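See structure below.
Numbers here are sequence positions counted from 1. None of the values given here were measured: they were computed from a predicted structure.
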Amino acid sequence: ARGTELPSSGLLHIQSVLGGDIQVGGARRADPETNYLSASLINRTHLSGLSLQTSGKVTFAGNSTGLTDGEITLADGGALNIDSGRSITFNGTVSAAGGTIMARTYGDRFGSIFTNADDLPLDNIATATTLPGMFDITVNPNAVLSTRGRWVNDSLVTDGNYLGGAYTSGGSITLNAAPHIALFTDATQSKAVDLSGSIEIKGNSLIDVSGGGYVSSTGALSLNGKGGNVSLIDETVYFQLQQTDVTNTGSLGGQDLFR
């Protein structure tokens, strides 16, 4: 790599179109139905890319007491991509300096392959388990999503191992919640409830795409690092989603509100 570049590291891609829940970091759960990824293992491998896809939910755990097992750091310029058929929850810290974080929930009728408790009913009638929040993206208190640019001072380097001025600009963070998901409230099919995903950024959480800077080996200061981009996409279109019946009775009967 040149002085303005950094070497690329590896990619870990976990794809399970019909799969179980995924937990990243934190204390390992005892149940075999949840795929567990160790924070320390991810950090030691310095991944440039982490891609997670499942029909279940994805959870980034917070730190256990006295530990930092809820902190995930990808290589500078790295990318985290999440596609989840159920909710995505951030409790800890995810960092990729100058990189990208993309999290998306999508409308999948079937959730985790190991349970039917989070499935949407085939008759399109809501049950006690089909509650709002199934497709939410949540950034909880004390959670951090960061693609902030690097701050580098090479003027202090004495062994020739300069860090270079790459990735001083902030990266991008995109959260995209599943739209257009609804079920009937009862067998009359006259009323429907919206289950589309929401984006919740809780208090005391942080989304950081700020720019950084660079001091060269000769002491020249460069503050050309620019701020990055944050996109919060919630495309829910509330009722009426589809045209009512031709007799104009207001009935939604026969319509498939899951799409």
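The main-chain N or O of G25 is found under 3.5 Å from a side-chain atom of Q23 such that the two form a donor-acceptor pair. In this structure, T168 contributes its side chain and G213 its backbone to no donor-acceptor pair below 3.5 Å. A donor-acceptor contact shorter than 3.5 Å is absent between the side chain of T34 and the backbone of I22. Formation of a donor-acceptor pair under 3.5 Å by the N142 side chain with backbone atoms of G92 is not found in this model. Although no hydrogens or angles enter the test, the distance criterion places a donor-acceptor pair under 3.5 Å between the side chain of N63 and the main chain of G70. Without hydrogens or angle criteria, R150 side chain to A166 main chain gives a donor-acceptor distance under 3.5 Å. Under a 3.5 Å cut-off, the side chain of Y36 and the backbone N or O of A27 do not form any donor-acceptor pair. Between the S231 side chain and the T174 main chain, no donor and acceptor come within less than 3.5 Å of each other.
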Problem set entry | Intermediate values then yes/no, side-chain contact (heavy atoms from CB on, under 4.5 Å), R104 and M102 | CA-CA 7 Å; R104 180 180 75 100; M102 193 287 290; 3.9 Å; yes

For this session: Carefully, step by step, assess T138 and N140 under the rule side chain to side chain donor-acceptor pair (under 3.5 Å).
Result: CA-CA 6 Å; T138 304; N140 277 321; 5.5 Å; no

For this session: Run the numbers on L47 and L11 for side-chain contact (heavy atoms from CB on, under 4.5 Å), then give the verdict.
Result: CA-CA 6 Å; L47 292 173; L11 165 68; over 6 Å; no

For this session: List the steps and the verdict of side-chain contact (heavy atoms from CB on, under 4.5 Å) for T100 and T147.
Result: CA-CA 6 Å; T100 60; T147 60; 5.7 Å; no

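Checked against side-chain hydrogen bond (donor to acceptor under 3.5 Å, both in side chains), T45 has no partners two or more places apart in sequence or in another chain. Contacts of S155 classified as side-chain hydrogen bond (donor to acceptor under 3.5 Å, both in side chains), with partners at least two apart in sequence or in another chain: N153. D154 pairs by the salt bridge (Lys or Arg N to Asp or Glu O under 4.0 Å) definition with nothing, not counting sequence neighbours. Residues meeting the side-chain hydrogen bond (donor to acceptor under 3.5 Å, both in side chains) test with N43, sequence neighbours left out: none. With sequence neighbours left out, D136 forms a salt bridge (Lys or Arg N to Asp or Glu O under 4.0 Å) with no residue at all. Taking the salt bridge (Lys or Arg N to Asp or Glu O under 4.0 Å) definition, one finds that R86 meets it with nothing, sequence neighbours left out.
Taking the side chain as every heavy atom from C-beta outward, S205 and P141 never approach each other to under 4.5 Å.
V58 and I113 are not part of a single hydrophobic cluster, where members link through side-chain heavy atoms under 4.5 Å apart.
If you chain together ILVMFWY residues whose side-chain heavy atoms come under 4.5 Å of each other, V144 ends up grouped with L206. With side-chain heavy atoms closer than 4.5 Å counting as contact, directly or through intermediates, the hydrophobic cluster containing Y162 also holds V157. Hydrophobic clustering, defined by side-chain heavy atoms of Ile, Leu, Val, Met, Phe, Trp and Tyr closer than 4.5 Å, groups L223 together with W151, V215, L221.
For K226, the NZ atom is loosely surrounded, since the number of other residues' heavy atoms within 6.0 Å does not exceed 12.
Among residue pairs with one or both ends in residues 79-105, those qualifying as ring-ring contact (aromatic ring centres under 6.0 Å, His included) are F60-F90; sequence neighbours excluded. Within the structure, salt bridge (Lys or Arg N to Asp or Glu O under 4.0 Å) pairs that include any residue of residues 52-61 do not occur (at least two apart or interchain). Within the structure, salt bridge (Lys or Arg N to Asp or Glu O under 4.0 Å) pairs that include any residue of residues 155-178 do not occur (at least two apart or interchain).
For the side-chain contact (heavy atoms from CB on, under 4.5 Å) with L175, the qualifying choice from I88, V230, I201 is I201, the only one to do so.
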